[in-house]
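Below is one structure, written out as structure tokens; comments come after it.
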Amino acid sequence: MDRRKFLGTTGAVLGAALAGCQSSGDSTTSTTTQPTTDSTTTKETTTQSSTPYSVSMVPTGEVTFESVPETWIANNGSYADMGLALGVEEPKALWLANRWHTNYYDEIPDVSVDKSDTISLYQDGISKERFYALEQEHGIDVQVYDPNFLINRFGWKQADVDEIANGVAPILGNSIFSQTYPWHDYRYYSLYEAFEKVAQVFQQQERYEAFASLHQEFQSNLDFVPTSDSERPRIAILWPASDSSFYPYLVGDGTSYKQWRDLNVRDALAETDVQDFHSGRGEIDYETLLEVDPDALMIRGHESKTADEFQESVVAPMESDNTASQLTAVQNGDVYRGGPLYQGPISNLVVTQRAAEQLYDVDEQLYDPQRVSDIANGNI
């Protein structure tokens with residue numbers, strides 16, 4: 001096997017970074033080590049490059065690569081979408097592969113993904129054995145996720161993270177999609193700040209710059225967005241809990257809500273005492289929604305459905321419900337798929353275009369799908 005060799009952060013350095021003390025910036029002091037060998041897997045010692053380079057990101061600190069990684073794993077569709085935009089191969093595994101909604105790429109010519117072989121790391125928890133199995137089968141070169149998520153959501157110990165970082169592949173990443181976790185007391189990154197870091201990892205800075213320019217042009221095309229409260233649409237973002245109750249999602253600062261911030265919507269639920277799902281874990285019913293009565297309902301958890309399938313399975317039952325049918329959004333036909341939890345540079349363009357059409361009756365294309373295709377395919 002002719003594999004790449006990496007110089008990663010040591011466990012001690014990674015542990016220091018995870019403590020959150022580097023929240024003021026990207027840089028952390030790191031010590032490079034040779035890859036280690038354990039009883040399960042062996043890191044190769046051959047190298048294809050004589051020009052190492054380093055990438056630094058909070059909270060994982062600085063990671064030095066001796067050559068460009070190819071095979072990788074990530075935590076969700078945000079980073080997977082970035083990889084697609086940069087022209088690298090799909091990640092071998094995600095936390096939940098079904099939450100990477102690759103149907104968005106139907107809007108982009110000559111860009112598609114076959115994720116039939118993408119492994120879901122989460123199966124009644126996330127085990128170290130699954131990481132080692134992926135390393136043994138595919139030879140993982142880098143892991144792109146925030147290890148604090150493993151510790152705080154899945155009960156891992158710091159020693160477990162250090163073991164995987166040293167025994168499988170270096171870890172670099174930040175939980176960018178949500179800013180509601182109390183343990184995330186260090187720097188967050190915007191979508192394009194994180195995208196730039198991933199571009200550095202895969203040495204695809206030129207494609208990143210092209211996407212950043214395209215995104216800037218796209219933002220300039222949102223000049224129709226109103227600024228006065230009276231003209232801004234009042235929306236409620238919901239996740240179904242049952243046939244007649246929902247988990248409320250308040251528009252926040254993470255990448256998960258980027259399209260709603262860019263379109264300057266009013267968060268109808270935020271103007272009440274309803275708590276965000278991540279904070280209160282509570283549910284609201286149709287009676288509560290009727291009191292709020294948003295202009296539009298954005299229902300999450302249905303991104304794999306077509307618009308027609310969503311209409312049949314979600315909207316039609318609302319129209320036949322005695323209470324739900326009284327909602328302004330239901331009466332006016334303004335109940336829509338609520339967008340993904342995770343979005344990257346390509347999917348953000350697609351879902352923002354869709355939301356602009358839904359909320360503002362936009363009928364022109366706000367970005368150039370062919371340009372997206374050209375950049376993703378290397379025709380910069």
Side-chain angles (χ1 to χ4, degrees), residues 77-78 81 85 99-108 176-178 190-192 211 214-229 231-240 246-271 276 289 292 294-311 314-315 318 327-330 332-369 372:
S78 298
D81 186 283
R99 289 189 177 178
W100 182 19
H101 300 294
T102 56
N103 52 306
Y104 297 139
Y105 309 129
D106 294 342
E107 304 297 322
I108 311 298
I176 61 173
F177 77 96
S178 174
S190 70
L191 175 61
Y192 273 78
F211 262 104
L214 175 66
H215 177 255
Q216 187 174 17
E217 295 172 7
F218 174 66
Q219 292 284 299
S220 69
N221 290 334
L222 302 181
D223 54 0
F224 59 84
V225 173
T227 57
S228 66
D229 284 349
E231 296 178 330
R232 295 164 60 203
R234 296 172 61 251
I235 73 166
I237 303 174
L238 308 166
W239 191 292
F246 303 88
Y247 300 120
Y249 280 72
L250 273 61
V251 176
D253 292 327
T255 60
S256 179
Y257 304 98
K258 176 172 164 51
Q259 76 272 41
W260 308 121
R261 296 193 305 273
D262 289 347
L263 295 174
N264 200 30
V265 301
R266 284 177 62 185
D267 186 350
L269 295 177
E271 297 173 358
D276 181 81
L289 277 176
V292 180
D295 298 326
L297 297 179
M298 301 296 176
I299 313 297
R300 283 183 152 175
H302 298 282
E303 292 304 300
S304 60
K305 291 184 175 69
T306 65
D308 289 341
E309 290 169 340
F310 179 79
Q311 179 72 28
V314 177
V315 179
M318 286 185 173
L327 290 165
T328 297
V330 175
N332 292 342
D334 289 320
V335 181
Y336 306 108
R337 290 166 293 174
L341 287 174
Y342 315 115
Q343 54 183 299
I346 299 178
S347 53
N348 170 251
L349 294 171
V350 174
V351 299
T352 308
Q353 173 78 39
R354 187 179 77 182
E357 294 170 357
Q358 294 165 343
L359 296 178
Y360 295 111
D361 296 324
V362 169
D363 58 7
E364 70 267 21
Q365 188 67 40
L366 300 173
Y367 69 95
D368 183 356
V372 175

Donor-acceptor pair, distance only, cut-off 3.5 Å: does the side chain of [X] make one with the backbone of [Y]?
| X | Y | answer |
| --- | --- | --- |
| Arg261 | Gly252 | yes |
| Asn264 | Val225 | no |
| Asp295 | Ile235 | no |

Closest non-hydrogen atom pair, [X] against [Y]:
| X | Y | answer |
| --- | --- | --- |
| Asp334 | Gln358 | OD1-O, 4.5 Å |
| Thr255 | Ser78 | OG1-OG, 4.3 Å |
| Leu191 | Gln343 | CD1-O, 3.4 Å |

So, do [X] and [Y] sit near enough that their side-chain heavy atoms are less than 4.5 Å apart?
| X | Y | result |
| --- | --- | --- |
| Trp239 | Ile299 | no |
| Pro369 | Tyr367 | yes |
| Pro340 | Val351 | yes |

Those residues at least two apart in sequence (or on a different chain) that pass salt bridge (Lys or Arg N to Asp or Glu O under 4.0 Å) with Arg300 are none
With sequence neighbours left out, the residues meeting salt bridge (Lys or Arg N to Asp or Glu O under 4.0 Å) with Asp106 are none
Between Glu231 and Ser228, is any side-chain donor less than 3.5 angstrom from a side-chain acceptor? yes
**Prompt:** Using a distance-only test with no angle check, is there a side-chain donor-acceptor pair under 3.5 angstrom linking Thr352 and Asp262?
**Reply:** no
In Leu269, Asp267, Val292, the residue satisfying side chain to side chain contact (heavy atoms under 4.5 Å, CB included) with Arg234 is Val292
Worksheet item: Is it true that Glu303 and Arg354 have a side-chain N and a carboxylate O under 4.0 angstrom from each other?
Response: yes
Assess whether atom CD of Glu364 is packed by more than 12 heavy atoms of other residues, nucleotides or ligands within 6.0 Å.
-> yes
Ring pair (Phe, Tyr, Trp, His ring centres under 6.0 Å) filter on Tyr192, not counting sequence neighbours, yields Phe195, His215
